[in-house]
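Before any comments, here is the structure.
None of the values given here were measured: they were computed from a predicted structure.
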Amino acid sequence: MVAAGEAMYKVRDIRFLTMRELLRGDVVLEAKASCAIVIVLGGRIAIKANSQSWTIGLADCVRIHDDCPVELALDSGLGEVMALSYECFLLQADGTPAPQLQERARDGHPQPTDFFSLEGNWQAACREMAMKWERNTIQDRLLCDAMLIQLLCASIGKSMYSDPVVCESGVASAAAYMEQHFDEDISNDRLAKRCGLSTAHFREAFKSRYGCTAMDYLSSLRMGYASGLINQTEAKLNEISVQVGIQDEFYFSRKFKKAFGISPSEYRTRHRRRVASCTFSGTGQLLALQVIPHAAPLHGDWTEYYARQYGHMINVHLKSEEHLELNDEELERLAATEPELILASDLYAEGERSKLNRISDVLYLPSSAHWSEQLQLLADRLELGSEAERWIRLYNNRVYAVRTELARYTSSRTIMSVGISGRQLYIYGEKRMGALLHHELELSPACEIPAKSNYEKITKEGLEKIDPDILLLVIWKDPISAHTWKQLSQSRLWKELKAVRTNQVHHLPVDPWLEYSAYAHARALGIIQNRLSANHPWINYG
């Protein structure tokens, strides 16, 4: 029972816009209520309203007042938008809505902010809401009102700043400033002043945009540049410390060890070792031992994380390992580095092996062995056995903690991992996701997991037959894969899957599932924990 003076919310219209509609040009949404929320479900969307314009991306939302029309246009990517118009009523003592409803409802009642980002996977719930609205039954319209309230509750406290334009450009300029001036004395107050924001708003905005505090971002910039100086120059540590804006050498050493797990002097010793990796997995094994490869394959899509985090520290960038072969140019570049050891896969053909063997000693990691066995084999060769033992011990402790945490959310529910590559759907096998999900984390598989292969094809009908409770989805970044996903997501078969209806579809990045290494498994564990332990705000109304 709603009492007098309390607010009630009523959906007036829901419009679902696909990329085809957005590609036709600017879409104008006429005002059908005093408030509207625009939710981006795919791509980046340019929005104009109230004489303002901005661009927002996936899971970003804009709340617009004052009955104004909204113009939408596709900026980039596979655009998808849900626009929701609604009214807010304040009830009077006799149970009738008060006049000047929206203005009175704002005063003294918790209201969602003008610009916010949603956490978790909201796409399926938004599509479900649009479907209910289209069915136009009394029950479905009531359920839409209930889901609107959940959306508004989720938005409270999510604001980056009241003006998204100021916020977005402000934190971006702060990040750019730090990248150019990290050797200076920088504080949150100084950055906030440059952006024209209060310090509190700046801290919140920066963390929302970059996933870390501004000071952590500054520290990572300083340590990254310092690692390059340590690796590539003979400069003393006190000189390097000053060059990155830290006057106290001992404080610098503590920060460096916190970032890399080893002291600056030990880092210099290790990174003077010329170890080359010919595979993604070899790179992951070396990183687990705190060794940066002198040469390694880097690819914008397949090793995006490694390229972003370590690209500036890897001196020679080799091509990808897609065909497990190195051309003459690659071999010459590899030989020029004079590596003391080369890491390669035992899947290389004999001809490729003979070429590598002529350059240096080669350690062929056994592809059939568990990643921990491969790690120990490499560690023994590099005389870093204690480092391997430390990594495995910490990993096992973390697995136990994550398994205990996830048990509260996934008990008695089946889970399945599916990839979309090109026009084909795949189930991930033991060495890609199966071992982590079902052996280490003890999650219940929805079907038999391929034991002898990394992937196994599956049809849409096969997916429908299995119908898992939780679905982990990896979509490759090429246009064909994106088109396959779009067709699948719009099909009735997909919309009727249990995981879709209950908002339990979790999108995962393409990497680290492309490799089998200690470092990739640790990253994968963190990603799974982040996706499955999140408290999603949607309640399944059936």
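- With contacts defined as side-chain heavy-atom distances shorter than 4.5 Å, the pair Leu472/Leu437 qualifies.
- Looking only at side-chain heavy atoms (C-beta outward), Tyr516 and His370 come within less than 4.5 Å of each other.
- Judged by distance alone, with hydrogens and angles left aside, the side-chain atoms of Arg274 form no donor-acceptor pair with the main-chain N or O of Glu338 at under 3.5 Å.
- Taking CD1 of Ile427 as the reference point, atom SG of Cys447 lies at 4.0 Å (rounded to 0.5 Å).
- Side-chain N or O atoms of Arg203 include none that pairs as donor or acceptor with a backbone N or O of Ala214 at under 3.5 Å.
- Looking only at distances, a side-chain donor or acceptor of Ser241 sits under 3.5 Å from a matching main-chain atom of Ile246.
- Contact check for Pro512 versus Ile527: side-chain heavy atoms found under the 4.5 Å cut-off.
- Between Trp391 and Tyr519, the two ring planes are parallel [angle under 30°; tilted spans 30° to 60°].
- The CG atom of Leu378 lies 7.0 Å from the CG atom of Leu341; values are rounded to the nearest 0.5 Å.
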- Message: Please determine whether side chain to side chain contact (heavy atoms under 4.5 Å, CB included) holds for the pair Thr283 and Ser517, giving the CA-CA distance in whole Å, both sets of side-chain angles, and the decisive distance to 0.1 Å.
- Response: CA-CA 8 Å; Thr283 302; Ser517 71; over 6 Å; no

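- Residue Gln376 holds its CD atom at 7.0 Å from CD of Glu389, rounded to the nearest 0.5 Å.
- Between the CG atom in Leu441 and the NE2 atom in His439 there is a gap of 11.5 Å [rounded to 0.5 Å].
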Tell me which donor-acceptor pairs under 3.5 Å the side chains of residues 417-425 have, and how far apart each pair is, sequence neighbours excluded?
residue : atom : partner : partner atom : Å
Gln424  : NE2  : Ile458  : O            : 3.3

- Item | Candidate pair Tyr225 and Leu229, rule side chain to side chain contact (heavy atoms under 4.5 Å, CB included), full reasoning | CA-CA 7 Å; Tyr225 187 75; Leu229 294 175; 3.5 Å; yes

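- Ring centroids of Trp485 and Trp494 are separated by less than 6.0 Å, placing the two rings close together.
- For the pair Leu394 and Arg398, the minimum side-chain heavy-atom distance is 4.5 Å or more.
- Side-chain atoms of Gln285 come within 3.5 Å of backbone N or O of Trp371 as a donor-acceptor pair.
- The list of salt bridge (charged side-chain N to carboxylate O under 4.0 Å, His left out) pairs with a residue in residues 354-380, not counting sequence neighbours, reads Glu352-Lys355.
- At a threshold of 4.5 Å between non-hydrogen side-chain atoms, the residues Ile466 and Thr414 do not count as touching.
- Of the possible polar contacts, none joining the Glu440 side chain to the Ala435 backbone as a donor-acceptor pair under 3.5 Å is found.
- With hydrogens and angles disregarded, no donor-acceptor distance shorter than 3.5 Å links the side chain of His294 to the backbone of Val275.
- Residue pairs meeting the salt bridge (charged side-chain N to carboxylate O under 4.0 Å, His left out) criterion with at least one member in residues 517-526, sequence neighbours excluded, are Asp511-Arg523.
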- Show the numbers, then the answer: is there a side chain to side chain contact (heavy atoms under 4.5 Å, CB included) between Ile230 and Leu237? CA-CA 8 Å; Ile230 291 172; Leu237 293 183; 4.3 Å; yes

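- The shortest side-chain heavy-atom distance between Cys61 and Ile39 falls under the 4.5 Å cut-off.
- Side-chain atoms of Lys460 and Leu488, non-hydrogen and from C-beta on, do get closer than 4.5 Å to each other.
- A side-chain donor-acceptor contact under 3.5 Å links Thr404 to the backbone of Tyr400.
- A donor atom on one side chain and an acceptor atom on the other are not found under 3.5 Å apart for Thr279 and Ser281.
- When atom types are taken as modelled, the side chain of Glu456 and the backbone of Gly429 share no donor-acceptor pair closer than 3.5 angstrom.
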- Kindly indicate, with the supporting measurements, whether the criterion side chain to side chain contact (heavy atoms under 4.5 Å, CB included) is fulfilled by Lys255 and Arg222. CA-CA 10 Å; Lys255 295 289 287 186; Arg222 287 171 167 172; over 6 Å; no

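- The aromatic rings of Phe252 and Phe256 are tilted relative to each other, their planes meeting at an angle between 30° and 60°.
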